[in-house]
Amino acid sequence: MTLLENYAQIVGEDVIHHLELLAANLQGMKVVHVNSTREGGGVAEILHWLIPLKRELGIDAQWEVISGTDPFFSFTKLMHNGLQGKRVELHPDHLAEYERVNEMNAESLRKTLEEADLVFIHDPQPAALPQFIPNRRGKWIWRCHIDASRPFRPVWKFLRAFVEPYSASIWSLSEFAQPLPHPLYLVAPSIDPLSEKNIDLGHDELSAMYHKWGLDPERPIITQVSRFDRFKDPIGVIRAYRMVREFSPIQLVLAGGGAADDPEGEEMIRRVKENAGTDEDIHVLLLPSDDHRTINAFQRISDIVIQKSTREGFGLTVTEAMWKSKPVIGGDTGGIRLQVVDHHTGFLVTSPEGAALRIRYLLKHRDQLTEMGEKAHHFVLENFLVTRHLREYLTLMHAVMF
Ligand code: UDP
């Protein structure tokens with residue numbers, strides 16, 4: 001069975017046939033995606049399934065990852081924070097390092113990038129590449145996965161100069177899009193229901209999780225899965241947990257790891273552990289970035305999944321949990337708002353107090369918890385699976401190329 005036939009069992013034959021029709025004009029087209037990490041974070045997650053599926057549809061797709069220095073990644077993390085609204089200081093040496101690393105990567109990827117019909121550059125890290133590929137013949141598209149709705153202006157001004165020459169840009173939500181002199185497209189991300197992260201897991205595998213991670217199967221489990229990042233607000237999650245603990249013996253799992261392009265993780269982990277203190281019911285777990293099955297299992301054994309971000313480009317962890325029929329208590333921000341339909345597929349919250357209130361409510365009203373989880377699953381089936389995402393990519397490729 002081909003990869004696509006496997007998806008037909010979930011979304012139906014018609015959807016797959018539609019994708020094949022859309023890909024008919026794109027046969028043999030050379031498409032290159034470039035980002036800055038192969039593991040960790042939502043972008044890598046998407047590229048892992050997008051490339052093989054495009055290839056199966058006859059598109060000559062490939063994925064390249066840029067390499068960088070520590071100062072480069074410190075600077076791009078600063079840029080990321082700045083785009084999400086934090087006031088940051090831009091040092092001239094860092095700006096020069098950003099361009100130098102892009103130039104170095106342009107050198108090693110030159111042939112591939114010059115020959116491509118279409119290049120997708122993901123996020124700010126590799127955004128300066130086209131300026132070092134003067135003989136590019138294809139179209140270049142910048143794909144922004146970040147909540148840039150209220151950027152710190154000097155950061156956006158710096159980045160905008162690199163992004164303006166692109167043929168188009170793609171954003172996850174209309175609120176994020178910034179004025180640019182080229183067509184802007186909106187494409188929401190998605191999850192792969194057949195990946196290790198999302199496939200169904202057997203009863204035995206899930207039961208083994210309790211013993212393996214020292215969890216009590218008799219007491220409720222609340223989980224947040226995410227990189228240890230200030231905007232994911234893990235400390236706010238601990239505060240919410242403590243408020244609920246006064247009434248209910250819940251357990252909290254904060255499962256995360258780092259991403260190769262995120263240098264701030266370690267400091268955040270230290271702060272989270274300090275906040276958790278000696279409480280044996282707070283499980284701060286550092287998982288290898290490719291341990292998708294364990295994340296999958298944690299999402300499945302949880303009663304409620306929380307994603308209390310204060311800024312969020314999209315929040316694939318929200319989609320993943322909803323697919324597993326879990327109601328999500330999510331920060332009222334960015335892409336979480338697209339997924340959590342307040343009071344239907346979960347609850348939107350703006351504070352630890354709000355999160356605590358909703359956790360208590362759901363634990364007390366189990367029927368509603370189950371009903372919301374089911375609605376969440378159907379909402380993802382309709383809106384946030386790879387097949388919808390792929391259809392929008394194929395349509396966009398027609399719009400840009402023909
Ligand atoms: N993830 C993971 N291991 C971790 C933390 C996160 O595999 O320790 C995955 C998570 O399951 C999700 C992605 O990384 O698929 C994070 O994407 P999201 O859009 O939620 O946030 P980002 O990290 O891109 O800001």
Side-chain angles (χ1 to χ4, degrees), residues 35-50 73 76-77 79-81 83-84 86 122-125 143-148 171-173 176 187-199 201 213 223-234 237 253-266 268-269 272 283-300 302 305-324 326 328 330-331 333-340 380 384-386 389:
N35 83 323
S36 59
T37 177
R38 207 165 284 278
E39 291 289 351
V43 181
E45 199 79 19
I46 289 168
L47 292 174
H48 271 293
W49 61 259
L50 185 68
F73 285 122
T76 56
K77 178 71 186 183
M79 252 209 274
H80 186 115
N81 290 341
L83 287 173
Q84 298 205 130
K86 186 168 185 275
H122 295 263
D123 282 342
Q125 295 91 337
R143 196 338 176 180
C144 180
H145 296 266
I146 300 169
D147 175 350
W171 308 76
S172 297
L173 258 79
F176 297 174
V187 178
S190 64
I191 57 158
D192 179 356
L194 298 177
S195 68
E196 289 276 291
K197 179 69 63 59
N198 297 306
I199 42 161
L201 299 177
W213 297 99
T223 297
Q224 172 157 304
V225 172
S226 49
R227 288 182 294 106
F228 288 97
D229 176 298
R230 75 182 74 221
F231 291 107
K232 309 280 184 186
D233 197 17
V237 176
V253 175
L254 290 172
D261 58 353
D262 180 358
E264 277 183 8
E266 275 178 30
M268 199 63 209
I269 290 165
V272 169
H283 301 260
V284 180
L285 306 176
L286 302 181
L287 301 172
S289 57
D290 59 353
D291 197 356
H292 303 297
R293 228 171 154 100
T294 301
I295 299 275
N296 184 348
F298 272 122
Q299 288 164 331
R300 287 182 190 278
S302 300
V305 169
I306 185 160
Q307 187 58 57
K308 221 206 86 38
S309 309
T310 53
R311 285 275 194 286
E312 190 58 79
F314 184 68
L316 284 177
T317 52
V318 173
T319 337
E320 290 159 7
M322 288 171 63
W323 179 244
K324 289 150 196 151
K326 304 297 166 184
V328 174
T333 186
I336 297 178
R337 288 185 184 146
L338 272 190
Q339 307 182 66
V340 175
V380 173
F384 299 119
L385 292 187
V386 290
H389 197 169

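Each residue takes its place number in the sequence, starting with 1. All ligand and atom numbering here is 1-based and tracks the order in the structure.
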Enquirer: Out of Glu312, Gln84, Lys197, Arg227, who is nearest to atom 7 (O) of ligand 1 when you count heavy atoms only?
Expert: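 The option holding the nearest heavy atom is Lys197.
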Enquirer: I'd like the name of whichever of Leu316, Asp192, Ile295, Asn198 reaches closest to atom 18 (P) of ligand 1 through any heavy atom.
Expert: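 Checking each option, the heavy atom nearest atom 18 (P) of ligand 1 is found in Leu316.
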Enquirer: What atoms in ligand 1 come closer than 4.0 Å to a heavy atom of Gly257?
Expert: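 In order of numbering, the contacting atoms are 4 (C), 8 (O).
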Enquirer: Would you call Leu385 and Pro193 a side-chain contact if the rule is heavy atoms closer than 4.5 Å?
Expert: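 The answer is yes, as the side chains (C-beta and beyond) meet within the 4.5 Å cut-off.
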Enquirer: Give yes if a backbone or side-chain nitrogen or oxygen of Val43 is under 3.5 Å from a nitrogen or oxygen of ligand 1, and no if not.
Expert: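 Among all N and O atoms of Val43, none is under 3.5 Å from an N or O of ligand 1.
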Enquirer: If you take the nearest heavy atom of each of Glu320, Glu45, Arg311, which one is closest to atom 11 (O) of ligand 1?
Expert: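 Heavy atom nearest to atom 11 (O) of ligand 1 belongs to Glu320.
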Enquirer: Compute the shortest N/O to N/O distance between Ser226 and ligand 1 and return yes if it is under 3.5 Å, no if not.
Expert: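 Between Ser226 and ligand 1 (N or O atoms, distance only) the closest approach is not under 3.5 Å.
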Enquirer: Side chains of Leu47 and Asn35, heavy atoms from C-beta outward: is any pair under 4.5 Å?
Expert: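 Yes; the side chains approach each other to less than 4.5 Å.
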Enquirer: Please determine, by modelled atom types, if Thr333 and Glu312 share a side-chain donor-acceptor pair under 3.5 angstrom.
Expert: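 There is no such pair between these side chains.
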Enquirer: Taking atom 25 (O) of ligand 1 as the point of reference, which of Lys232, His80, Gln299, Arg293 owns the nearest heavy atom?
Expert: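 It is Lys232 whose heavy atom sits nearest to atom 25 (O) of ligand 1.
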Enquirer: Please confirm whether the ring centroid of Trp213 lies under 6.0 Å from the ring centroid of Phe298.
Expert: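 Yes; Phe298 has its ring centre under 6.0 Å from that of Trp213.
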Enquirer: Should Gly315 be listed as contacting ligand 1, given a heavy-atom distance under 4.0 Å as the test?
Expert: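 A heavy atom of Gly315 does come that close to ligand 1.
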Enquirer: Is Val225 close to ligand 1, meaning an N/O of one under 3.5 Å from an N/O of the other?
Expert: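 No; the residue has no nitrogen or oxygen that sits under 3.5 Å from a nitrogen or oxygen of the ligand.
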Enquirer: Are Thr319 and Gln339 linked by a side-chain donor-acceptor pair shorter than 3.5 Å?
Expert: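 On atom types as modelled, these side chains qualify, holding a pair under 3.5 Å.
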Enquirer: Under 3.5 Å, is there a donor on one side chain and an acceptor on the other for Asn198 and Gln299?
Expert: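 Note: Asn198 and Gln299 side chains miss the donor-acceptor criterion.
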Enquirer: Any luck finding a side-chain donor-acceptor pair between Arg143 and Ser172 under 3.5 Å?
Expert: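 Yes, side-chain donor-acceptor contact under 3.5 Å.
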Enquirer: Are any of the N/O atoms in Leu287 less than 3.5 Å from those in ligand 1?
Expert: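 N/O-N/O distance below 3.5 Å does not exist for this pair.
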